[in-house]
Amino acid sequence: MSDPGPVLSSGARYRDELVARGLLLATGVDGLYGFSNDLVRLIAAVETYVSAAGAGKYEVLRFPPVVPRVVLERSGYVRSFPDLVGAVRTFTGGDEAHHALLRTLDAGGDWTAGLGGSDVALCAAACQPLYPTITPDLPVGGRRFDVCGYVFRHEPSSDVARMLSFRQYEYVYAGDELGALAHRDHWTEVAAEMLSDLGLDVAATLASDPFFGRAGRALTATQREGALKYEVVAATAPDAPTTAITSANCHLDHFCRELGIRTAAGETAHSSCVGFGLERIAFALLFAHGPNLAGWPDRARARLAV
Ligand code: ZN
């Protein structure tokens with residue numbers, strides 16, 4: 001009798017189906033994939049669609065996927081999400097340490113134990129490296145930014161919508177409290193309309209972040225009670241709960257207080273952002289309309305020009 005192999009979750013089965021169709025290229029690590037020609041085109045089309053929604057109204061800035069480590073420290077990310085953090089370690093030893101590292105490598109051991117910490121870490125949210133670059137005195141009306149880039153979250157999963165490395169397209173506001181709330185509310189509504197217009201069955205729901213540990217549970221409750229975060233959710237795989245494909249989050253004065261950013265009136269500024277998950281939107285579209293882009297509904301194809 002042949003070995004039936006391990007029983008796969010439905011998420012893993014669906015992921016394997018996308019690999020078998022050639023849309024995803026497996027790397028051997030859950031949550032890390034290469035993308036096929038069709039998927040690259042689709043994600044680029046989603047990016048163009050999202051960027052058109054804010055064109056001309058935002059300062060366009062871009063940052064690398066690796067950020068100064070202090071960015072993660074000052075943003076509170078290490079405190080709130082230590083389980084998701086990725087910091088970069090590098091080799092700085094001499095010949096002796098190198099030989100020791102190679103002995104470990106050749107023996108199949110953990111050679112990374114021979115590396116030391118560095119000044120840099122993997123970006124965890126596209127807006128994270130932005131805040132320290134904002135001048136402390138904001139103009140009347142605040143400032144609006146367009147940022148997009150790769151982020152890292154260490155949550156290995158066979159669910160294609162939960163990757164280790166993915167792109168976020170964000171519109172960010174820094175200014176007064178009412179402006180930050182208005183930005184969040186505007187984009188929650190606009191994002192739901194934009195995604196629905198692509199033929200996705202979406203819902204905007206109140207959400208909260210998975211802050212770590214016992215202290216984190218209180219933060220999660222505060223965030224939910226304050227109705228600070230909304231998500232636009234859609235199905236991205238069969239037999240799975242819906243996934244946030246866009247989220248809009250009001251940070252109150254969390255980032256601006258730490259960095260001393262003030263409104264034109266001299267008060268501590270507030271900020272908010274909306275983040276579109278480019279790959280997640282692409283996966284929601286593939287699930288809703290099928291893997292063959294040429295067979296998609298005309299409206300979705302026209303909106304995305306695919
Ligand atoms: Zn953000």
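All ligand and atom numbering here is 1-based and tracks the order in the structure. In this text, all values refer to a predicted model and were calculated from it rather than measured experimentally.
Y131 and H251 have perpendicular rings, their planes meeting at more than 60° on a 0 to 90° scale where under 30° would count as parallel.
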Distance-only donor-acceptor pairs under 3.5 Å for side chains of residues 81-99, two or more places apart:
{"residue": "R89", "atom": "NH2", "partner": "L115", "partner atom": "O", "Å": "2.5"}
{"residue": "H99", "atom": "ND1", "partner": "D95", "partner atom": "O", "Å": "3.3"}

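The nearest N/O/S atom of E170 to the Zn ion (ligand 1) is OE1.
For C127 atom SG and C273 atom SG, the angle they make at the Zn ion (ligand 1) is roughly 130°, to 10 degrees.
A donor and an acceptor atom, one from each side chain of S36 and R21, are nowhere located under 3.5 Å apart.
Partners of R217 under the salt bridge (Lys or Arg N to Asp or Glu O under 4.0 Å) rule, at least two apart in sequence or in another chain, do not exist in this structure.
Using a cut-off of 2.8 Å, one finds that H251 contributes no N/O/S atom close to the Zn ion (ligand 1).
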